[in-house]
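Notes to accompany the following structure.
One-based numbering, in listed order, for ligands and for the atoms of each.
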Amino acid sequence: MIELPEAVIISRHMSQELRGKRVQSGLRGNSPHKFAFYSRSPEEYEAILKDKIVGESVAHGSAILTSLEPDHVLVLGGGGERIVLHQSDETLPKKHHLLLHFQDGTYLTVTVQGWGNALLMHKSEATDHPHVGEKRVSPLSEAFTYEYFQQLFEKLDEEDTRSVKFFIISKPGIWGVGNGYLQDILFRAKIHPKRKVIDITEDERRALFGSIKETLKQAVDLGGRESERDLFNRPGNYKGILSSKTVGQPCSECGTPFEKIHYLGGACYFCPSCQT
Ligand SMILES: [Zn+2]
């Protein structure tokens, strides 16, 4: 799944490699997929994509917004999209859920694994869209200060029974962070995923803030998680401390085997003695 670090890396590559390319033809995929989300009919995709010029790509939380000049935007990311540039048709995947054939003979394909987005919007639609139009504070930006983070806690109701996992990946949510990076963020902050968010102390808030920054920055520096791919179909080098690969292995801090639980619609991995 693409989360903020992957969106940053892929959008950087897309800006470097695709800007200025003209779309000769575009196709809303060659294989129906129940959970590939589109915003128009296949015919409209073909008609709109033709002759568009690729502009800048930017990370928008876990989404990637690519300007298609003069007046459209392509919205990818936030799910299990594999977004790959091909120098010729020799490396095209058999099945794809979006294909752009550029005039210079190169291609971009999007292949959805699980579920994913390939939305094509007019710029005016994008502005009004609840997720695409909304600009939030990126945890990788300078605006994401401890004061900003702290006020997210201050807005909580005293009666709030929700967990820190919900707080980080759902509401209010840290922009672009999902269940993938959540695991290492909580491990580094030594907080259990089920911990009630209103019970988190000042010291723990500081630890959590530092851990969010450190984990995401490291992930960007390392090209994203090893389970994900960049625009050139290369895996990232960020190896998760906690993942399905490390469950049962001894904790690097205390030696207790890592455990797994299913919680809030996804697996959670944690050290039962370090994380409280
Ligand atoms: Zn431990």
Side-chain angles (χ1 to χ4, degrees), residues 1-9 61-62 80 114 138-140 144-154 156 160-229 235-276:
M1 301 281 279
I2 294 178
E3 295 187 20
L4 177 64
E6 287 80 26
V8 167
I9 288 150
S62 56
S138 166
L140 287 167
F144 190 81
T145 58
Y146 182 69
E147 289 64 39
Y148 169 83
F149 187 60
Q150 167 73 10
Q151 54 92 23
L152 300 178
F153 287 88
E154 281 164 9
L156 295 170
D160 202 317
T161 57
R162 291 174 297 188
S163 66
V164 65
K165 172 173 176 176
F166 185 85
F167 178 82
I168 291 179
I169 71 168
S170 196
K171 272 190 183 153
I174 302 302
W175 208 30
V177 175
N179 201 49
Y181 286 103
L182 173 78
Q183 316 297 330
D184 287 3
I185 287 172
L186 292 179
F187 177 77
R188 290 194 170 104
K190 299 188 186 296
I191 299 173
H192 192 284
K194 282 189 170 178
R195 182 79 174 281
K196 261 165 79 174
V197 72
I198 52 160
D199 291 343
I200 290 180
T201 64
E202 166 83 29
D203 283 353
E204 287 173 322
R205 290 178 192 183
R206 290 199 179 270
L208 191 54
F209 173 76
S211 169
I212 290 169
K213 287 257 186 198
E214 183 193 340
T215 303
L216 299 176
K217 185 177 180 304
Q218 213 184 89
V220 171
D221 291 345
L222 290 169
R225 282 166 294 165
E226 56 183 347
S227 57
E228 304 300 317
R229 303 288 176 91
N237 288 310
Y238 181 89
K239 296 183 196 325
I241 303 166
L242 287 170
S243 71
S244 56
K245 284 186 175 175
T246 62
V247 65
Q249 289 183 12
C251 168
S252 50
E253 300 288 316
C254 74
T256 309
F258 288 138
E259 290 184 9
K260 173 185 179 178
I261 48 168
H262 282 282
Y263 178 54
L264 290 181
C268 272
Y269 305 93
F270 61 99
C271 170
S273 58
C274 289
Q275 292 175 253
T276 56

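- In this structure, F149 and F209 have tilted ring planes: the angle between them lies in the 30° to 60° band.
- Annotation: ring-ring contact (aromatic ring centres under 6.0 Å, His included) contacts of F187 (sequence neighbours excluded): F258.
- Separation of atoms CH2 (W175) and OG (S62) is listed at 9.0 Å; rounding is to 0.5 Å.
- Side-chain atoms of Q183 never come within 3.5 Å of backbone atoms of G180 as a donor-acceptor pair (strictly under, hydrogens ignored).
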Which pairs would a plain distance check flag for residues 210-217, meaning a side-chain donor or acceptor within less than 3.5 Å of a matching protein atom at least two apart in sequence or in another chain?
unit_1, atom_1, unit_2, atom_2, d
S211, OG, I185, O, 2.6
K213, NZ, S141, O, 3.2
K213, NZ, F144, O, 3.0
T215, OG1, R188, NH1, 2.7
T215, OG1, S211, O, 2.7
K217, NZ, D221, OD2, 2.9

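- For the Zn ion (ligand 1), protein N, O or S atoms under 2.8 Å: 4 in total.
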Pairs of donor and acceptor atoms involving the side chains of residues 164-173, under 3.5 Å and at least two apart or interchain, shall be tabulated with distances.
unit_1, atom_1, unit_2, atom_2, d
K165, NZ, N179, OD1, 3.0
K165, NZ, Y263, O, 2.7

